[in-house]
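Note that ligands are numbered from 1 as they come in the structure, with each ligand's atoms numbered from 1 the same way. Counting from 1, the numbers follow the sequence of the chain as shown. This is a predicted model, so every value here is computed, not measured.
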Amino acid sequence: MTLLELEDVTASYGHAQVLHGISFRVGENAAAGILGANGAGKTTTLRAISGMVATGGKITYDGRDITGYRPDKVAALGIAHVPEGRGTLGDLSVRDNLRVGAYLRKDRKGVAADLDLCLDLFPNLRERIGSNASALSGGEQQMLAIARAIMAKPRLILLDEASLGLAPSTAQRVYQAIRRLRSEQGVAMVVVEQNAMLAFSVVDHAIVLETGKTSLSGSRDELMGLDEVRRAYLGG
Ligand code: ATP
């Protein structure tokens, strides 16, 4: 079953069109990757799905045309966006950041269970539960941003550059949790990553963007087998 489908999606900032017809789909419980150089339009593609940029073409989620929906409406349908730069609330504790993530939910037991899940996925956050988010390391803030998204109980997570600025071992830990989230909880994902090896550790298929257009698309194995992908994204 297709959960998310983009058909010929365009996006513009003012008069500047930056996406020129992007198409891909993500199945339920599946994970799609978006690769590409700086400025290719990866972040904008996630912003288009979330309703944060003027968009054309068609975006369908769970059988519903959500093109042009506002961000709050998209979130209420079960799509959680973890933006680049994390966006945690620095003045609030880890615990309160996680509560904010769950603010639309009424199922107290489910919220408590998901808090346990987050602390199990990210043991660092358990140790820092009472600390202000601003006092966390970069890696812990990234973990908190993902955990906060999990607290909304999404069916689909949009993950923007989760490894950016992290030490390799920290990035590995973050991606290990992301893989568990997918395999154990069945959350579908769209993963934007500069680090293609990390992206390929979780996605089943991916597209490569070049100046707002899809230059390649295929299964993980197909793409990893291509010389041009190996040269540009996998260090030869
Ligand atoms: P990066 O890895 O650098 O974030 P990206 O592939 O995610 O790259 P986008 O951030 O989607 O690329 O940017 C695509 C294009 O849109 C770039 O040319 C960028 O300069 C432009 N752009 C991004 N945000 C805005 C904005 N708010 N206003 C105008 N142009 C923008």
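With respect to atom 11 (O) of ligand 1, the closest heavy atom belonging to the protein is Thr44 OG1, 2.5 Å. What sits closest to atom 23 (C) of ligand 1 on the protein, heavy atoms only, is Tyr13 CE1, 3.5 Å. Shortest contact from atom 16 (O) of ligand 1 to any protein heavy atom: Val18 CG1, 3.2 Å. Remark: minimum distance from atom 10 (O) of ligand 1 to any protein heavy atom is reached at Thr43 CB, 3.6 Å.
Side-chain atoms of Gln141 come within 3.5 Å of backbone N or O of Ala133 as a donor-acceptor pair. Of the possible donor and acceptor atoms, one in the side chain of Glu193 sits under 3.5 Å from a partner among the backbone N and O of Ser163.
For atom 13 (O) of ligand 1, the nearest protein heavy atom is under 4.0 Å away. Shown here, atom 31 (C) of ligand 1 is in close reach of the protein: a heavy atom of it lies under 4.0 Å off.
Side-chain polar atoms of Glu161 and Asn195 form no donor-acceptor pair below 3.5 angstrom. No side-chain donor-acceptor contact under 3.5 Å links Ser23 and Asp8. For the residue pair Thr44 / Tyr13, a side-chain donor-acceptor distance below 3.5 Å is found, with atom types taken as modelled.
You'll find the side chain of Leu181 reaches within 4.5 Å of the side chain of Met189, heavy atoms only.
With a heavy-atom cut-off of 4.0 Å, Arg47 does not touch ligand 1 at all. The part of Ala37 lying near ligand 1 is the backbone, judged by heavy-atom distances below 4.0 Å.
Counting atoms of ligand 1 from 1 in the listed order, those under 4.0 Å from a heavy atom of Glu161 are 2 (O).
Of the polar atoms of Gly39, at least one N or O is found under 3.5 Å from an N or O of ligand 1, judged by distance alone.
Here Tyr103 is tied into one hydrophobic group with Leu104, each link being a pair of ILVMFWY side chains closer than 4.5 Å.
Contact annotation: Ala16 has no heavy atom less than 4.0 Å from any atom of ligand 1.
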